[in-house]
Structure formats: structure tokens, C-alpha cells
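Report on one structure; see the data block that follows.
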Amino acid sequence: VDYNTASVCGPSASGQLICKAPSQPSVSVSSPTKAPIVSPSLSPTEAITQAPVGSPTPAPTAASPPLAAPSLSDYVLLDKGVGAECPSHLEPVPEADCLEAAHTVGSHLLLPDWLNKFDWDGLPCGCFLYYANTILVDYNTASVCGPSASGQLICKAPSQPSVSVSSPTKAPTLAPSNNQNTSPGEYKLLEKGKGSSCPSNMQAVPYEECHAAALSVAGHLPLPNWLNQFTLANMPCGCFLWYNDNGSMMVDYNFETVQCGGDNPRTQMICIA
């Protein structure tokens, strides 16, 4: 059992550091020393599995929620190993909400009651779960983001949906209040994973009817109460359902009309017969 008082430190293949979490956690974010401890015998990604460095962030309490506290369904757990940061149609989870969000979407997992915060380029940015010998709840403040096979991002649906169709952030819009089919014909749910737009013998569902159409043909599925709208090439054009691997779903409307992409196993077109 060694204790080295030297000021010039170096790794050793035969050494293994022993550290201690602070007895009185601090929520200060300005300390320059709050980086994950790199064990000399481990690779950079394995280093995250060590005890949290700096100040573990206490779990949020009921006394200090955000002004617009998200509901349980607002948090989204993305696919494991996919993404360096939250996609444009979702928002990153603030540091203050990260631990709460993790316990919301990962209630079936064995999660710690502290937040591991660091600044590490090349790992997912923001709030995510890290799978190692145990599961950590991590918050990365780095500006250079990268995916990790052991990471699983946590995001949230925008708390104040926008109705603008020109939003570059692809923010969800409130579902239209008109739940009636104002177009001639009947809504049809096409085969999952097939088609980039409605076939020639059917009509496209208007934007104003997309959410109502989804509820009409797929009301038995766990659909959100808002419509996700964007303009994105190589995705199905018009109204369609999006299936997430974690069982959640989205109702999407793509305003793209030229570069439509189909045969995506996550999508299912909605048309009018």
C-alpha cells in the first residue's frame, strides 16, 4: 500500500489509484479539476467506470424543479450506442434534470443516486447512461461530442412546442385541434418499412390532419399528443409513424417533397385511400 508525495506524477502498469468521493458534495461547476480519473491500466472509455470525480450532484428535490417541469413521457431514452448528442427534433436534458431524467426513463435499471459530471471530448455530450460493470449516470460538458458503444443518450421532447413550419430545430408542434377527416376518402396505414411517399392510387394526408389520422389508424399504439414536423431529405415525405427501439413512438410530418426516402424499418406511412 503506497503513498507518493511527489509533485511529478506518472502512470504505472503495476499501480492502482485509490480515491474518495467528497463527504460534502458541492454543486459548483467552475472547478477545473472535475474530470474523470484515468486509471493508468485502463483505456479512456473504461475510466468512466471509476468513482465519480469532482462533486457528485445531489438528486434534484421537489423544491427546485424547472419552471416547466417535463412530464414523465417527455424524457426519451435513445438507442444504446447511437448518437453523439440529442437529435434536432429533441432537446438536451439540462444538468439539473439529468439524474431525475435517468431515473424516469431507467426506472427498471440499477442506477446510482449521484451524477457523474466531467468534460471529455469524444464521448456523448449532455446527459447519458454509461454501461460498464455498473451503470453510471453521466453528464458531459464537452463541446466535441462523439458516440460510444457503451453510452445511451437521454433527451426530452420540447416543453413548449412550436407551430411554425419553418423551424430549423424540427420542434414538435401541437396536434391540430380538428380531429375530423376533412379530406374525401379514408385514412390508411401502409405496411411498416415500405414506401417513401403515398402511392399513386392514394392521396397524401394534409399536415393539418396528420395527427388525427395517426390516432384514427393507430390509436391502439403509444402515440404522443403532439406532431413532430420537419423538412428532411431521405426520409418518407408526408405523414408517417416513427418506431423507437425503446417502445416509444412519434407522429412525424416531413415537408420535403423531392428527395423522399423509404424502406426504413422504423417508419410507417399514413395515406388517404
Side-chain angles (χ1 to χ4, degrees), residues 19-38 44-87 89-143 145-160 244-248:
C19 304
K20 180 180 79 169
S23 57
Q24 295 182 344
S26 167
V27 296
S28 172
V29 300
S30 60
S31 173
T33 61
K34 295 176 183 175
I37 293 180
V38 182
T45 56
E46 292 173 322
I48 297 183
T49 64
Q50 303 304 308
V53 186
S55 303
T57 304
T61 64
S64 58
L67 293 180
S71 65
L72 295 183
S73 61
D74 284 337
Y75 294 125
V76 179
L77 184 63
L78 304 189
D79 294 339
K80 183 181 177 183
V82 176
E85 57 188 333
C86 289
H89 63 276
L90 298 174
E91 294 180 353
V93 175
E95 178 192 342
D97 299 335
C98 182
L99 190 62
E100 177 186 7
H103 281 272
T104 297
V105 299
S107 58
H108 59 294
L109 301 173
L110 184 60
L111 301 179
D113 59 0
W114 45 264
L115 180 66
N116 187 39
K117 180 186 174 184
F118 51 82
D119 185 331
W120 197 316
D121 289 346
L123 288 177
C125 292
C127 183
F128 65 97
L129 302 181
Y130 190 87
Y131 294 79
N133 295 331
T134 60
I135 305 177
L136 298 178
V137 181
D138 289 346
Y139 192 88
N140 188 6
T141 60
S143 57
C145 314
S148 169
S150 300
Q152 189 167 17
L153 277 165
I154 303 172
C155 305
K156 72 171 183 175
S159 56
Q160 296 181 344
N244 290 314
D245 284 349
N246 65 358
S248 64

Heavy-atom distance under 4.5 Å between the side chains of [X] and [Y], does that happen here?
{"X": "Ser148", "Y": "Tyr130", "result": "yes"}
{"X": "Leu77", "Y": "Gln152", "result": "yes"}
{"X": "Pro87", "Y": "Leu78", "result": "yes"}
{"X": "Asp138", "Y": "Trp120", "result": "no"}
{"X": "Lys117", "Y": "Thr141", "result": "yes"}

Practice task
Would you indicate whether Cys145 and Cys125 have their SG atoms under 2.5 Å apart?
Solution key: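 Yes, because the SG atoms of Cys145 and Cys125 sit under 2.5 Å apart, which meets the disulfide cut-off.
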Handout entry: With sequence neighbours excluded, residues passing salt bridge (Lys or Arg N to Asp or Glu O under 4.0 Å) with Asp121
Key =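 In terms of salt bridge (Lys or Arg N to Asp or Glu O under 4.0 Å), with neighbours along the sequence ignored, Asp121 is linked to no residue.
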Handout entry: Pro124 versus Leu153, closest heavy-atom pair with distance
Key =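 Of all heavy-atom pairs spanning Pro124 and Leu153, the closest is CB-CD2, 4.0 Å.
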Practice task
Heavy atoms only: give me the nearest Trp114-Leu99 pair and the separation to one decimal.
Solution key: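 Answer, listing the atom of Trp114 first, then Leu99: O-CD1, 3.5 Å.
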Problem - Counterpart residues, side chain to side chain contact (heavy atoms under 4.5 Å, CB included), relative to Pro147 (two or more places apart) - result: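 Pro147: side chain to side chain contact (heavy atoms under 4.5 Å, CB included) contacts with Ala84.
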Problem - For Ala102, side chain to side chain contact (heavy atoms under 4.5 Å, CB included) partners two or more places apart - result: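 Leu111, Leu129, Val137, Ile154.
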Problem - salt bridge (charged side-chain N to carboxylate O under 4.0 Å, His left out) contacts in which one or both residues fall within residues 75-84, not counting sequence neighbours - result: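 Salt bridge (charged side-chain N to carboxylate O under 4.0 Å, His left out) check on residues 75-84 returns Asp79-Arg266.
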Between [atom1] on residue [X] and [atom2] on residue [Y], distance to nearest 0.5 Å:
{"X": "Cys98", "Y": "Lys156", "atom1": "SG", "atom2": "NZ", "answer": "12.0 Å"}
{"X": "Leu136", "Y": "Ser150", "atom1": "CG", "atom2": "OG", "answer": "10.5 Å"}
{"X": "Asp97", "Y": "Cys127", "atom1": "CG", "atom2": "SG", "answer": "9.0 Å"}

Practice task
Say whether, by atom type as modelled, one donor and one acceptor occur between the side chain of His103 and the main chain of Pro112 under 3.5 angstrom.
Solution key: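 Yes; judged by distance alone, with no hydrogens or angles, the pair exists.
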Handout entry: Qualifying residues under side chain to side chain donor-acceptor pair (under 3.5 Å), relative to Ser248, sequence neighbours excluded
Key =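 For Ser248 the side chain to side chain donor-acceptor pair (under 3.5 Å) partners, ignoring immediate neighbours, are Asn244, Asn246.
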Problem - Derivation and outcome, side chain to side chain contact (heavy atoms under 4.5 Å, CB included), residues Asn140 and Phe118 - result: CA-CA 5 Å; Asn140 188 6; Phe118 51 82; 3.6 Å; yes
Handout entry: Chi angles and distances behind the side chain to side chain contact (heavy atoms under 4.5 Å, CB included) call for Val93, Phe128
Key = CA-CA 9 Å; Val93 175; Phe128 65 97; over 6 Å; no
